[in-house]
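Nothing fancy with the numbering, it's 1 onward along the sequence. Just follow the structure's listing: the first ligand is 1, and inside any ligand the first atom is 1. Heavy-atom basis, side chains included; hydrogens, waters and symmetry copies ignored.
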Amino acid sequence: MQLPFHHLFLIKRPKTVSLHIITQHVPAMEINNFENLFEAKLAKNEMIEPKDWMPENYRKHLIRQISQHAHSEIVGMLPEGNWITRAPSLRSKLVLLAKVQDEGGHGLYLYTAAESLGTSRDEMLDALLTGKAKYSSIFNYPTLTWADVGAVGWLVDGAAIMNQVMLQRSSYGPYSRAMVRICKEESFHQRQGYELMTKLAFGTPEQKAMAQDALNRWWYPTLMMFGPPDRESPNSENAIKWRIKRETNDQLRQRFVNQTVKQVEYLGLTVPDANLKWNEAKNGYDFSEPDWAEFKNVIKGNGICNKERLTARNKAHNDGAWVREAAAAYGKKLSQPIAA
Ligand code: BYC
């Protein structure tokens with residue numbers, strides 16, 4: 001019996017050079033050997049690399065997660081980018097500019113990691129721009145005040161790190177290595193957010209109220225970033241089995257709450273949750289779940305800013321058409337033989 005087997009080859013495509021999948025046929029016995037090798041590598045905690053054989057569903061799972069992660073970084077530039085021109089000092093403007101630029105860089109590493117699995121940048125961008133692809137729910141909430149910039153850095157980047165520290169040990173080599181660099185930068189982002197919140201929380205009563213208001217609005221959307229509860233997370237089983245994720249959505253959410261409550265207390269602010277209570281037996285806080293109906297609505301495209309975000313990304317893409325054309329023309333010129 002013949003079974004499909006995927007090899008990665010470099011194929012030149014119109015407008016773009018991308019890794020593309022070619023299906024070949026190899027005997028079933030050989031597939032079993034490859035599968036055993038793949039399982040053995042996972043069991044030994046070794047990385048799976050782009051040229052290694054991998055089950056088709058593992059490849060698809062990674063393309064889904066990594067491309068969504070990349071889109072989140074790119075769309076995530078918008079809520080904070082909105083404040084660059086209104087930052088209250090030159091220092092805060094420089095810091096924010098650097099942070100937003102880092103997020104763009106994260107998106108690019110991640111698109112490259114996903115390309116190594118056989119998808120192309122064009123396919124991924126098309127999925128984002130047409131609204132087919134998901135990106136993190138959190139970026140469909142508006143940044144209404146300067147305190148929101150602090151809350152995003154502190155809470156959103158804080159939650160992202162919690163998840164990404166785990167992903168540094170993800171089984172797919174290019175994803176794991178991208179995470180190592182990204183985590184270093186995210187930790188600067190988290191600190192800049194917390195520094196901003198510290199200034200406001202220890203500032204005038206009006207500034208403190210602004211910080212509390214931002215915390216009130218960002219707390220539950222941040223808890224949603226970790227994904228649905230484990231009981232409703234269809235992808236977790238495979239993700240854990242294949243060591244793409246090493247911990248579940250609920251485990252990471254719990255760790256985030258445990259860590260962040262202490263930071264809220266230091267700021268003299270209040271977590272907007274009447275049910276928040278230390279639970280000695282589980283060595284962690286009990287806390288209220290976010291509104292999962294709201295979460296589902298946001299990821300379906302009906303959040304406060306979904307339409308605005310996609311419109312902004314489409315505009316940026318269209319405005320950049322001349323850059324892509326110029327780069328392609330220059331590439332073509334370079335590839336032509338030089339006349340003697
Ligand atoms: N938002 O089975 P589940 C940043 C979807 S950006 C939207 O638990 P999984 C930053 C999920 O995709 C960093 N959708 O899935 C940037 C799935 O739908 P599909 C963002 C969500 O994959 C700029 C369905 O719900 N971090 O730091 O096992 C400025 C069922 O979920 C969300 C990442 O992207 C969500 N929150 O677990 C500042 C981390 N949650 O695909 C900061 C990488 C779930 O089956 N991603 N869904 O149609 C992950 O770790 C995992 O994909 C998730 C979800 C934990 C997000």
Applying a heavy-atom cut-off of 4.0 Å, say which part of Ala239 lies close to ligand 1: side chain, backbone, both or neither. neither
Mind telling me whether Trp53 and Phe38 have parallel, tilted or perpendicular rings, with 30° and 60° as the class edges? perpendicular
What is the closest protein heavy atom to atom 50 (O) of ligand 1, and at what distance does it sit? Asn163 ND2, 3.1 Å
For ligand 1, which part of Gln164 has a heavy atom less than 4.0 Å away: the side chain, the backbone, both, or neither? side chain
Which residue owns the protein heavy atom closest to atom 27 (O) of ligand 1, what's the atom, and how far is it? Ala160 CB, 3.0 Å
Taking both backbone and side-chain atoms of Val152, is any N or O found less than 3.5 Å from an N or O belonging to ligand 1? no
If the threshold is 4.0 Å, N to carboxylate O, is there a salt bridge linking Asp102 and Lys99? no
Starting from atom 49 (C) of ligand 1, what is the nearest protein heavy atom, named by residue and atom, and what distance separates them? Gln65 NE2, 3.6 Å
Can you report which non-hydrogen protein atom sits closest to atom 1 (N) of ligand 1, along with the distance? Ser137 N, 2.8 Å
Under 4.0 Å between heavy atoms, the region of His106 that gets near ligand 1 turns out to be neither
Mind checking whether Tyr175 has an N or O less than 3.5 Å away from an N or O of ligand 1? no
N-O pairing of Glu289 and Arg231 below 4.0 Å: yes
With a 4.0 Å heavy-atom cut-off (strictly under), which part of Ile138 contacts ligand 1: side chain, backbone, both or neither? neither
Is ligand 1 under 4.0 Å from a heavy atom in the side chain of Phe295, in the backbone, in both, or in neither? side chain
Nearest protein heavy atom to atom 11 (C) of ligand 1, by residue and atom, and its distance? Arg64 NH1, 4.0 Å
Under 4.0 Å between heavy atoms, the region of Phe139 that gets near ligand 1 turns out to be side chain
Minimum side-chain heavy-atom gap Thr119-Arg64 below 4.5 Å: no
As an exercise, identify every atom of ligand 1 less than 4.0 angstrom from a heavy atom of Gly227. 40 (N), 44 (C)
Salt bridge check, Glu49 against Lys41: does any charged N sit closer than 4.0 Å to a carboxylate O? no
Between ligand 1 and Glu232, can you find any atom pair, the residue atom being a heavy atom, that is separated by under 4.0 Å? no
According to the interplanar angle, ranging from 0 to 90°, do the rings of Trp242 and Tyr58 count as parallel (below 30°), tilted (30 to 60°) or perpendicular (above 60°)? perpendicular
Identity and separation of the nearest protein heavy atom to atom 48 (O) of ligand 1: Lys134 NZ, 2.5 Å
Could you check atom 44 (C) of ligand 1 against the protein and tell me its nearest heavy-atom contact, residue, atom and distance included? Pro228 CD, 3.6 Å
Measure up the His106 and Tyr109 rings against each other and bin them: parallel (under 30°), tilted (30 to 60°), perpendicular (over 60°). tilted
Residues that Glu46 engages under salt bridge (Lys or Arg N to Asp or Glu O under 4.0 Å), provided they are two or more places apart: Lys44
Can you find an N or O of Met77 that's nearer than 3.5 Å to an N or O of ligand 1? no
Do any N/O atoms on Glu80 end up under 3.5 angstrom from N/O atoms on ligand 1? no
For Ser233, the ligand 1 atoms whose distance to one of its heavy atoms is below 4.0 Å: 2 (O), 3 (P), 8 (O)
May I ask you to identify, for Asn235, whether its side chain, its backbone, both or neither come under 4.0 Å of ligand 1 on a heavy-atom basis? both
Do any N or O atoms from the side chain of Asp157 and from the backbone of Ser187 form a donor-acceptor pair under 3.5 angstrom? no
For atom 23 (C) of ligand 1, grab the closest protein heavy atom and report residue, atom and distance to one decimal in Å. Glu103 CD, 3.4 Å
Is the ring pair Tyr175/His69 parallel, tilted or perpendicular, if the boundaries are 30 and 60 degrees? perpendicular
Could you tell me whether His71 and Tyr111 have their ring centroids closer than 6.0 angstrom? yes
Pairing of Glu56 and Arg59 as salt bridge, 4.0 angstrom limit: yes
Quick look: Met225 vs ligand 1, heavy-atom contacts under 4.0 Å, and the answer is backbone
If you measure from each non-hydrogen atom of His61 to ligand 1, which part falls under 4.0 Å: side chain, backbone, both or neither? neither
